[in-house]
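Convention: sequence-line order gives letters A, B, ...; per-chain numbering from 1.
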Protein chains: 2
Amino acid sequence: MPVARRLEDVALELFATQGFDETTVDELALAGGVGRRTFFRYFPTKLDVVLGELDDGLAALASVLREEPGDDPVAAARAAFLAVNHYADAELPALRRRLGLIEDVPELAARATVRYRDWEQTLATDAAARWGTDPASLRAQVFGRAVVAAMRAVFSAWHVRPEADAAALGALVEEAFDALARGFSSP
Amino acid sequence: MPVARRLEDVALELFATQGFDETTVDELALAGGVGRRTFFRYFPTKLDVVLGELDDGLAALASVLREEPGDDPVAAARAAFLAVNHYADAELPALRRRLGLIEDVPELAARATVRYRDWEQTLATDAAARWGTDPASLRAQVFGRAVVAAMRAVFSAWHVRPEADAAALGALVEEAFDALARGFSSP
DNA sequence: TCTGGTGGTGGCACCGAGTGCCGCTTAGCG
DNA sequence: CGCTAAGCGGCACTCGGTGCCACCACCAGA
């Protein structure tokens, strides 16, 4: 098992039992069998142990979005999100642990939203292209940010459910995009 | 001039000239004529010097929202935001400086979104009440987060404009809420 | 086999944010 | 005039994060 992976495992374990703030980097390094200095070579900050994979998700989202046809950005974004968030059953428990941490530790929630900014811009740019407008236009910007906001709501709703399986996640994504497509004025 | 106000002024000044990260708390305290320890008595963190007033905005939003009649949450939220964001001309430059910092310094952007979580829940609860549904329902949650996301887009668009006056801000708010009301599938 | 890179490692010293403790000043009051 | 209480701020400490550098393994080539 590679070092980074092992550090990630012991870190999530310690965070779950002791709490995020109560776990120092020294403990993580010790538990992972490396020096403190080496820990920081694998993860730029303590937060990144939890947030690591979000970047991969962005890359995947962008490439799927680029392939998606049609001139309706909502449909394209919906299809892209469904494609990207297709997790294997074995990954779900780890995903839930991560989401739980991000939800509960304010500092993690904060840093996660910084990562989301790239998603927002990717989505805004895509929508603008499909609409034939400027990516900096307010409507495109609102779209990009609203989609990410909706996905945060989806993950938040999903991770507190008892039956947090892949099907439930997909259904929530559908429901969220329906809301965005229809707007909020109609009942 | 009260101590907190003076610290805020010199801090925004130093942040603007040197940058946020390059300004230490020691410098802020020194420039404000207080001890470092005293600085932390007025502001729990360095970030809070910039983010301070956002909490007042939340309180105002919640109370205005409570007074707003009708069963359309979009209309209510729109009216509430227009009422709350009615700044005097003299306040606008300071507001722009703050928004610029929040936009440019990732750590500030991150912390700001943590504050926004309360706004999101307030808006979700209000929408659920008007719809007669559960505040935890996905649609209400998506609504709350999408509204805040739209407002972030508004501030972002506004603060980069040359003519960042009150009228322009109001127009952007209108446009953003129109988008949320209509949905994003229609052209 | 010796030699000279080279990449991973981690100790050490340092910085800055934030906190607990405690002694000091000063203003208000009996 | 003395007492008390509140604000102030110095001091020492913890913890996250960084720069520097010595050490060790491994591998190339002579």
Starting at atom [atom1] of [X], determine the distance to atom [atom2] of [N], rounded to an integer number of angstrom.
| X | N | atom1 | atom2 | value |
| --- | --- | --- | --- | --- |
| A/Glu107 | C/dA17 | CD | C1' | 11 Å |
| B/Phe39 | C/dT19 | CZ | P | 12 Å |
| A/Phe40 | C/dC12 | CZ | P | 17 Å |
| B/Gln18 | C/dG16 | CD | P | 12 Å |
| A/Lys46 | C/dA17 | NZ | P | 18 Å |
| A/Asp21 | C/dT19 | CG | P | 11 Å |
| B/Arg37 | C/dT19 | CZ | P | 8 Å |
| A/Leu30 | C/dG11 | CG | P | 11 Å |

**Asked** What do you reckon, is CG of A/Asp165 surrounded by more than 12 foreign heavy atoms closer than 6.0 Å?
**Response**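 Yes.
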
**Request:** Compute both the distance and the angle, then confirm whether A/Lys46 meets the cation-pi test with A/Phe39: under 6.0 Å from the six-membered ring centre, within 45 degrees of the axis.
**Result:**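 No, a cation-pi geometry is absent between A/Lys46 and A/Phe39.
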
> Are A/Ile102 and A/Val160 connected in the hydrophobic side-chain network, where two residues link if heavy atoms are under 4.5 Å apart?
Replying inline: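 No, A/Ile102 and A/Val160 fall in different hydrophobic clusters.
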
Handout entry: NZ/NE/NH1/NH2 to OD/OE distance under 4.0 Å, B/Glu120 and A/Arg152
Key =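 A salt bridge is present here (some side-chain N lies under 4.0 Å from a carboxylate O).
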
[X] side chain, from C-beta outward: closest of [options]:
| X | options | value |
| --- | --- | --- |
| B/Arg36 | C/dG10, C/dA17, D/dG16 | C/dA17 |
| B/Thr38 | C/dA17, D/dC8, D/dG16 | D/dC8 |
| A/Arg41 | C/dA17, D/dG16, C/dT9 | C/dT9 |
| B/Val25 | C/dA17, C/dT9, D/dG9 | C/dA17 |

Checklist line | Point-to-point distance, once rounded to the nearest 0.5 Å, from OG of A/Ser185 to CZ of B/Phe177 | finding: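 These two atoms lie 10.5 Å from each other.
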
**Study point:** side-chain N/O B/Thr24 vs C/dG16 OP1/OP2, d < 4.0 Å
**Key:**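 No, because none of the side-chain N or O atoms of B/Thr24 sits under 4.0 Å from OP1 or OP2 of C/dG16.
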
Within less than 4.0 Å of OP1 or OP2 of C/dG8, is there a side-chain N or O belonging to A/Tyr42?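 For A/Tyr42, the contact criterion (side-chain N or O under 4.0 Å from OP1 or OP2 of C/dG8) is not met.
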
